[in-house]
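Report on the following structure.
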Amino acid sequence: MAYAYDDQNIFAKILRGEIPNNTVLETEHALAFRDLYPQAPTHVLVIPKGPYVSYDHFAVEASDAEIVDYTRAIAQVCKMEGVSLDAGEGFRMISNAGDHGVQEVPHLHVHILGGRRMGRMVQPQS
Ligand code: DGP
């Protein structure tokens, strides 16, 4: 089964400029902006500009240039936000995928969470 991308998702609309965002960083292939519902003092979402639904989709189908740019954008955001290990106390990076991953927005994004000590990685099922 092929990966299916829905271009009506909210992050696709942000990329098209149809919905505003609080941009932290923009590169050739990536956009980083603040989460609308922050769960930590630093909570930034980093998305590729290409139409990828999840990290595995991106890793399989993106070009080398996209992968390098996206990966470096994540590192740059960590540094800019003062949470990278050469600039701060660390962070948690999460990328949810699909139903079992409880992904709400079906456009690849990593959450960069920092500025406080995170709790357990996986909460008991609710
Ligand atoms: P996930 O469950 O991993 O798909 O997380 C989606 C995140 O997207 C969630 O933390 C809230 C955030 N979010 C949803 N809609 C918007 C929006 O319109 N703008 C921004 N900046 N964040 C949004």
Side-chain angles (χ1 to χ4, degrees):
M1 201 168 75
Y3 291 100
Y5 180 81
D6 171 12
D7 69 3
Q8 292 308 305
N9 77 76
I10 205 103
F11 294 167
K13 291 179 180 178
I14 284 176
L15 284 167
R16 290 195 293 266
E18 295 166 13
I19 291 176
N21 74 92
N22 191 345
T23 298
V24 171
L25 175 71
E26 180 166 10
T27 66
E28 184 180 0
H29 295 294
L31 181 69
F33 52 91
R34 300 203 183 279
D35 196 290
L36 205 51
Y37 309 107
Q39 295 180 43
T42 289
H43 190 169
V44 177
L45 302 171
V46 190
I47 68 174
K49 291 182 176 175
Y52 305 104
V53 65
S54 60
Y55 194 86
D56 55 317
H57 184 197
F58 180 72
V60 167
E61 294 192 4
S63 67
D64 290 2
E66 287 175 294
I67 291 171
V68 169
D69 181 275
Y70 182 62
T71 305
R72 294 253 159 85
I74 291 168
Q76 203 178 332
V77 166
C78 290
K79 189 151 188 147
M80 289 167 66
E81 292 293 306
V83 300
S84 63
L85 291 188
D86 63 344
E89 300 301 316
F91 60 93
R92 179 165 292 162
M93 190 168 108
I94 300 171
S95 188
N96 299 316
D99 184 39
H100 282 192
V102 195
Q103 180 180 16
E104 289 171 26
V105 181
H107 181 112
L108 167 60
H109 50 286
V110 295
H111 299 252
I112 305 292
L113 296 147
R116 69 165 168 82
R117 204 150 191 283
M118 297 301 140
R120 289 175 64 85
M121 190 170 72
V122 177
Q123 301 298 324
Q125 194 173 2
S126 56

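No experiment lies behind these values; they were computed from the predicted model shown.
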- Message: Working to the nearest 0.5 angstrom, can you tell me the gap between L31 CG and E26 CD?
- Response: 5.5 Å

- Note on the structure: dist R92:CZ -> M121:CE (nearest 0.5 Å) comes out at 7.0 Å

- Query: Counting only heavy atoms not in D86, do more than 12 fall under 6.0 Å of its CG?
  - Reply: yes

- Query: Applying the 4.5 Å side-chain criterion to the ILVMFWY set and letting contacts propagate, would M80 and L113 be lumped into a single cluster?
  - Reply: no

- Query: Is a donor on one side and an acceptor on the other found under 3.5 Å between the side chain of K49 and the backbone of T27?
  - Reply: yes

- With no hydrogens and no angle check, is any side-chain donor or acceptor of E104 less than 3.5 Å from a backbone partner on N96? no

- Query: CD1/I19 to CD1/I10 distance, rounded to the nearest 0.5 angstrom?
  - Reply: 3.5 Å

- Task: For atom OH of Y5, decide whether the heavy atoms of other residues, nucleotides or ligands shown that lie under 6.0 angstrom number more than 12.
- Result: yes

- Item | Straight-line distance of L108 CG to H57 NE2, nearest 0.5 Å | 10.0 Å

- Query: At what distance, to the nearest 0.5 angstrom, does CD1 of I67 lie from CG of D69?
  - Reply: 11.0 Å

- Of all the heavy-atom pairs spanning A73 and A30, show the shortest one and how long it is. CB-CB, 3.8 Å

- Task: Work out which heavy atom in V77 is nearest to a heavy atom in A32; give both atom names and the distance.
- Result: CG2-CB, 3.5 Å

- Message: For the aromatic rings, using the six-membered ring if either is Trp, is the centroid distance between H111 and H109 under 6.0 Å?
- Response: yes

- Query: F11 and L45: which non-hydrogen atoms are nearest, and at how many Å?
  - Reply: CZ-CD1, 3.6 Å

- Message: I need the minimum non-hydrogen distance between V53 and P106, along with the two atoms involved.
- Response: CG2-O, 3.4 Å

- Query: Is there a side chain to side chain contact (heavy atoms under 4.5 Å, CB included) between V110 and I112 once you walk through the steps?
  - Reply: CA-CA 6 Å; V110 295; I112 305 292; 4.3 Å; yes

- For R16, does the CZ atom sit with more than 12 other heavy atoms under 6.0 Å from it, leaving out its own atoms? yes

- Hey, could you give me the CD1/CE distance between I74 and M93, rounded to the nearest 0.5 Å? 4.5 Å

- Query: For the residue pair S95 and Y55, what are the closest heavy atoms and their distance?
  - Reply: OG-CB, 4.2 Å

- Give a yes or no on whether a salt bridge exists between R34 and E81, defined as a side-chain N under 4.0 angstrom from a carboxylate O. yes

- Provide the closest heavy-atom pair for E66 versus F58 in the form atom of the first, atom of the second, distance. O-CZ, 3.7 Å

- Message: A quick test of your reading: do over 12 heavy atoms of other residues, nucleotides or ligands sit less than 6.0 Å from CD of E89?
- Response: no

- Any chance CZ of R72 has more than 12 other-residue heavy atoms, nucleotides or ligands included, within less than 6.0 Å? no

- Message: I want to know whether Y70 and H29 have ring centres closer than 6.0 Å.
- Response: no

- Are V105 and V46 connected in the hydrophobic side-chain network, where two residues link if heavy atoms are under 4.5 Å apart? no

- Using a 4.5 Å cut-off on heavy atoms from C-beta on, say whether the side chain of L15 contacts that of H107. yes

- Query: Can you find a pair of side-chain heavy atoms, one from I14 and one from F33, that are under 4.5 Å apart?
  - Reply: yes

- Item | Heavy-atom check, side chain of S84 versus side chain of Q76, under 4.5 Å | no

